[in-house]
Amino acid sequence: MTKKNKHNWTLPAGTEPTELDKKVMQFQDKGILVPTRNLIKTPEQIEGIRQAGIINTAALDLVEREVKEGMTTAELDKMVHDFIVSQGAIPACLGYEGFPKSCCISINEVVCHGIPSDEEDFWEGDIVNVDITTIFNGYYADASRMFIIGKTSPANEKLVRVAKECLEIGAEAAKPWGLISDIGKAIEKHAKKNGFSVVRDLAGHGTGLEFHEEPEVNHYHDKAKGMLIVPGMVFTIEPMINMGVADIFVDEEDGWTVVTEDEKPSAQWEHTFLVTETGLEILTH
Ligand code: MF3
Ligand code: CO
Ligand code: CO
């Protein structure tokens, strides 16, 4: 049996198709997976996401200024929380599917979803991912960066740098009327060239009106191709790059912390992007 893609793109009854409708439906007729029409953000929604992005970026800038050796991850989380709330916004992580803190802090072999804690502090040489999502007027923006505490090993430095390049190269590969799978293909190539692996079990995602929307953005070369990239879509790219094997496990005790199987370090950078007529625009600069 041949696998047919769903006819996601449907016109509301009585509406004349726009140029965009016609173009998307041409791809759909060729059997390419297209987004649903509601994944295309309106100018008003884009403005809202942009505002959330500005606050989210300021929160990450605060982390950049404040993070230091000896501080606990819970102390840093509190700063992030208080800042976001002071802006009239909401930290999306707090209470999300039961997550107990306002951001994710993931150190060394922790891939992502690390829970800030009074028991854990930053040490010289740590490589740290802080992942923050802000809700402002109902709109979401999601981004993360790596921070190095003091001086780390050359191998760790390279991992952090290559992970950032993977995000940039993935974003560069995404073009309107291309496919979401172009992103992961470019990322995996760059990671492998540098001797690193790409986490396969967690993906980037549409965002903006909800925390996690369609499409799924894989960071490896997904032969299943993925969805058509259409102007007005908003999604994250957030490659997790491992020094050793790609395999991961989730801490059974807390149900959140994602750790590399071989306990070698992992690095991740994330932005929220808007698809424009020419390429991707970062909404979390
Ligand atoms: N910010 C993460 C992402 O990039 C999701 C964190 S969910 C949480 O999608 F509950 F762990 F906060
Ligand atoms: Co994300
Ligand atoms: Co995130």
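Position 1 is the first residue of the sequence; numbering continues from there. Only heavy atoms go into these numbers, but all of them, side chains included; no hydrogens, no water, no symmetry mates. Order of listing sets the numbers, starting from 1, for every ligand and every atom in it.
Rounding to the nearest 0.5 Å places NZ of K68 at 10.5 Å from CZ of F122. Considering OG1 of T284 and CD1 of I132, their distance stands at 11.0 Å, rounded to 0.5 Å.
Taking both residues in full, the closest heavy atoms of A191 and I241 are given as CB-CD1, 4.2 Å, listed atom of the first, atom of the second, then distance.
Within the protein, the number of N/O/S atoms found under 2.8 Å from the Co ion (ligand 3) is 4.
With respect to R200 and D222, no salt bridge is recorded, no charged nitrogen being found less than 4.0 Å from a carboxylate O. Of the charged side-chain nitrogens involved, at least one lies within less than 4.0 Å of a carboxylate oxygen, so that K192 and E188 count as a salt-bridged pair. Salt bridge K78/D82: present, at least one basic N to carboxylate O contact under 4.0 Å.
Ring centroid separation for the pair H212 and Y96 comes in under the 6.0 Å cut-off. Checked against the 6.0 Å centroid threshold, W9 and F27 do not count as a close aromatic pair.
For ligand 1, the protein residues within 4.0 angstrom (heavy atoms only) are C93, Y96, F99, C104, H113, D131, T133, D142, H205, F211, H212, E238, W256, E270.
Checked against the Co ion (ligand 2), the N, O or S atom of H205 at the shortest distance is NE2.
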- Message: For a side-chain hydrogen bond (donor to acceptor under 3.5 Å, both in side chains) check, start with the C-alpha distance between E238 and H205, then their side-chain angles and the critical distance, and finish with the verdict.
- Response: CA-CA 9 Å; E238 46 182 299; H205 50 91; 2.9 Å; yes

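The backbone N or O of C104 lies less than 3.5 Å from no partner atom in the side chain of D131, so there is not a single donor-acceptor pair.
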